[in-house]
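In listed order, ligands and their atoms are each counted from 1. In this text the structure is predicted, and so the values were computed from the model without any measurement.
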Amino acid sequence: MKTRLLFFVLFLVSATSFAQRIAILGAMAEEVELLQSQLKHAKTKEILGFRFKTGKLNGKKVVLAETGIGKANASIVTTLIIKEFSPKIIIFTGVAGAVNPDLNQGDILIGKRLSYHDYGRLTNDSLKFYPTRNPHTKQLNPQFFLSDSILVAIAGEAAKGIELKKITTDSPQPRVSVGTIVTGDTFVASSVAVAGFRRNYQADATEMEGAVVAQICFQQNLPFLIIRSISDKANEAAPADFQTFKKVAADNSAILVKSIIKNLE
Ligand code: ADE
């Protein structure tokens, strides 16, 4: 009972402090399309060629942007959105390749831990993990950046009230879980790489932007949350599966993000 009360108080406190402008990022048009189509009083501001859409989503003030694919693009747009719009939180929505064999197309992963899989020290044997460094404090960053724990809890709650799209009419209802995401500048289409990500990072999914947003938010002391839905299994079938399933996966991620925003009241 005490734990439930504590959770409720934490929820209220967080909801109050998050009730300012929320930044939402997605890498590709498909990943922001659904949210963009539901934006009320939408206005567009262009900065350095990137389009930022402000408006209201589920009654909350948001700013929405498509970053483009990969680490450099995600980095530019995350920085611009912080500088220009001073959001209180940043949420990334999009698709990912599954690394955990229990995850299927359409399932959602709430990214609790984020790391790069392509940052480190390249030796004759392998790429050895070496952490990034915070340029302000000169300290080494942690191996894993952690999504805001209250936002992760809110996302878990928000997932209970949503209806996700099925991959086919007779496929099971997509599931939502919490886990680890590894980010790199590569579209992964290799079961050998997947095995390595599982072994070295205990990863559940891989994508190309999440850890960038996580690192920037960590260094700027800004709460963030990374939501991904599975489009493929990052294996040899990934290029074809990605094309087939990216839209339904992108929409599932956006459906959860909408519900999270509603729960931030
Ligand atoms: N996003 C979706 N699928 C992916 C994959 N297989 N590799 C990297 N990013 C992805």
Tell me whether the rings of F144 and Y201 are parallel (<30°), tilted (30 to 60°) or perpendicular (>60°).
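The rings of F144 and Y201 stand perpendicular, inter-plane angle above 60°.
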Sole residue of K83, H136, Q215 in side chain to side chain contact (heavy atoms under 4.5 Å, CB included) with Q220
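Output: one option passes, namely H136.
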Candidates L57, I154, L256, I89 - the one meeting side chain to side chain contact (heavy atoms under 4.5 Å, CB included) with I261
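Exactly one option meets the side chain to side chain contact (heavy atoms under 4.5 Å, CB included) with I261, and it is L57.
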Please answer whether the main-chain N or O of G210 pairs with a side-chain N or O of E207 as donor and acceptor at a distance below 3.5 Å.
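Between the backbone of G210 and the side chain of E207 there is a qualifying donor-acceptor contact (under 3.5 Å).
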Atom indices of ligand 1, in the order listed, that fall short of 4.0 Å to a heavy atom of [X]:
X: M208; value: 8 (C), 9 (N)
X: T206; value: 9 (N), 10 (C)
X: A234; value: 6 (N)

Is it true that N141 and Q219 share a donor-acceptor pair across their side chains at a distance under 3.5 Å?
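Yes, because at least one side-chain N or O of Q219 sits under 3.5 Å from a partner of the opposite role on N141.
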Do me a favour and list the nearest non-hydrogen protein atom to [atom] with residue, atom name and distance?
atom: atom 9 (N) of ligand 1; result: E207 CA, 3.4 Å
atom: atom 3 (N) of ligand 1; result: D232 OD2, 2.6 Å
atom: atom 7 (N) of ligand 1; result: V188 N, 2.9 Å

Return yes or no for this condition: an N or O of F242 is under 3.5 Å from an N or O of ligand 1.
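The answer is no, given that F242 and ligand 1 share no N or O pair closer than 3.5 Å.
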Polar proximity ligand 1 side, G97 side, N/O cut 3.5 Å exclusive:
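Yes: some nitrogen or oxygen of G97 is under 3.5 Å from one in ligand 1.
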Is it possible for you to check whether R121 lies under 6.0 Å from the centre of the six-membered ring of Y130, through NZ or CZ, and within 45° of that ring's axis?
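R121 over Y130 ring: yes.
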Aromatic centroids of F145 and F224 separated by under 6.0 Å:
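Distance test on ring centres: not under 6.0 Å, no.
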Could you pull out, from S229, S231, G210, G70, the option with a heavy atom nearest to atom 2 (C) of ligand 1?
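When every heavy atom of S229, S231, G210, G70 is considered, S231 comes closest to atom 2 (C) of ligand 1.
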If you measure from each heavy atom of T186 to ligand 1, is any distance below 4.0 Å?
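True for this residue.
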